[in-house]
Amino acid sequence: MECDDPRWVGRRVVGEINLSCGHCSWCDKGLGRHCPQRAVLGIVNHPGVFAEYVTLPDANLHEVPHEVTDREATFTEPLAAACEILEQLPLNSGTRVAIIGDGRLGLLISQVLKQAAAEVTLVGRHSWKLDLARAWGVKVLTEVSEELTPASFPVVVDATGSPLGFREALRLVEPCGTVVMKSTFHGAAQFDATKLVVDEITLLGSRCGVFAPALKLLQQGQVNIQPLITRIFPLEQGLEAFELLDRTSVLKVLLEMPEDS
């Protein structure tokens, strides 16, 4: 990685994905992720990390603590997104929270909110994924469970990436509660907006988070990452890794460079 500051040379780093202009009103407020001129690593106007060389501004870099393995460090960005919920919506101890969606993000959110002493229920459709959360002490329910009583949670997080998940979140949130939209989905969402008005529901969009809280959780071993890694491929088998993603339901597939590279 090209580096303007020689102090970074030879150090393990992770990089925040939003490349902001650094001088607009949003950047001045420390909200570069909303900078209208921003590029986004691997998404908008900036090559991703499968390029032969990757560049990021020094300001985007965070050193990986020595207690955190390279494999764990690959979860920094989605874990930071999970932590962002607590930055936007501080939760009192014992707050009942339903998380809709048992994918990688939903599983990370369940761990983060449980660490914040929330009473977490993860709602999903895959028994093997729900078993992971159950092992962490998280209550789990299937989408067809009779225990999913309407209007029964003060906070509901939609991590499905599906309009159906959003509608389920609206069904489960209680009056004056909050629905956190944590994942985007393609197409328009069709839902009954009357509930938002009549039940005075707060709808909270939630996107990227800063990396420092995520790295601290990893450093302290407060999130369990290993079960979320489905398979690890050497870099030369990258196409096979993508084929696996297309064929099966997996959580995380990693590509690793040889140690002597």
Side-chain angles (χ1 to χ4, degrees), residues 1-3 5 7-20 30-35 38-44 46-51 53-88 99 101 103-116 132-133 136 157 159 161 180 182-184 206-233 235 238 241 245 250-257 259:
M1 176 177 289
E2 182 178 314
C3 187
D5 188 341
R7 291 177 298 174
W8 286 108
V9 175
R11 293 159 68 179
R12 292 191 307 145
V13 297
V14 287
E16 302 210 22
I17 66 174
N18 292 286
L19 291 80
S20 58
L31 294 172
R33 63 185 180 275
H34 294 295
C35 170
R38 73 184 181 277
V40 184
L41 180 68
I43 300 174
V44 179
H46 199 82
V49 294
F50 287 140
Y53 295 98
V54 178
T55 61
L56 280 175
D58 294 350
N60 286 50
L61 303 181
H62 296 261
E63 185 172 12
V64 177
H66 67 85
E67 298 93 342
V68 179
T69 68
D70 290 349
R71 293 176 182 178
E72 291 171 331
T74 65
F75 285 82
T76 305
E77 193 278 332
L79 186 58
C83 292
E84 175 69 3
I85 295 173
L86 296 176
E87 297 294 323
Q88 298 172 293
I99 301 168
R104 181 176 69 247
L105 183 57
L107 290 167
L108 288 172
I109 293 170
S110 69
Q111 294 191 69
V112 168
L113 299 191
K114 188 174 187 301
Q115 285 292 333
L132 293 177
W136 304 329
V157 180
V180 181
K182 194 63 228 187
S183 57
T184 58
S206 185
R207 190 167 60 96
C208 301
V210 296
F211 278 20
L215 287 169
K216 184 176 180 180
L217 287 176
L218 291 172
Q219 183 180 24
Q220 296 175 343
Q222 293 184 330
V223 291
N224 195 346
I225 294 302
Q226 188 60 40
L228 304 182
I229 301 175
T230 303
R231 190 168 169 187
I232 300 168
F233 289 85
L235 183 61
L245 290 171
V250 300
L251 289 170
K252 182 77 165 181
V253 173
L254 298 180
L255 298 177
E256 283 191 341
M257 295 281 288
E259 292 186 2

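Computed over heavy atoms, backbone and side chain alike; hydrogens, waters and symmetry mates excluded.
Evaluation of the side-chain hydrogen bond (donor to acceptor under 3.5 Å, both in side chains) rule for T74 yields no partner, not counting sequence neighbours. In this structure H46 satisfies the ring-ring contact (aromatic ring centres under 6.0 Å, His included) test with no other residue, sequence neighbours excluded. Among residues two or more places apart in sequence or in another chain, the side chain to side chain contact (heavy atoms under 4.5 Å, CB included) test is passed with P57 by L19, N60. By the side chain to side chain contact (heavy atoms under 4.5 Å, CB included) test, R71 is found to be paired with T69, I229, I232, L254, E256, residues two or more places apart in sequence or in another chain being considered. Every residue two or more places apart in sequence or in another chain was checked for a side-chain hydrogen bond (donor to acceptor under 3.5 Å, both in side chains) with Q111, and none qualifies.
One N or O on the side chain of Q115 and one on the backbone of Q222 form a donor-acceptor pair closer than 3.5 Å. A donor-acceptor pair under 3.5 Å is formed between the side chain of K182 and the backbone N or O of A81.
Summarising the geometry, atom CZ belonging to R104 is positioned 8.5 Å from atom CG belonging to L228; distances are rounded to the nearest 0.5 Å. To the nearest 0.5 Å, atoms CG (L41) and CG (L56) are separated by 5.5 Å. If you take CD1 on I109 and CD1 on I85, they are separated by 4.0 Å, rounding to the nearest 0.5 Å. Separating the CG atom in L251 from the CZ atom in F75 is a distance of 8.0 Å, to the nearest 0.5 Å.
Nearest approach of P78 to L105, heavy atoms of both residues: O-CD1, 3.9 Å. For the pair V13 and V64, the tightest heavy-atom approach, listed with the atom from each and the gap, is C-CG2, 3.8 Å. The shortest heavy-atom contact between C83 and L217 is SG-CD1, 3.6 Å. V68 and L215 make their closest contact through CG2-O, 4.4 Å (heavy atoms, listed as atom of the first residue, atom of the second, distance). Minimum interatomic distance between W136 and L107 (heavy atoms only, all atoms of both residues): CZ3-O, 3.7 Å. Of all heavy-atom pairs between A214 and T76, the closest is CB-O, 3.7 Å.
Pairs engaging residues 75-88 under the salt bridge (charged side-chain N to carboxylate O under 4.0 Å, His left out) rule: R33-E84 [sequence neighbours left out].
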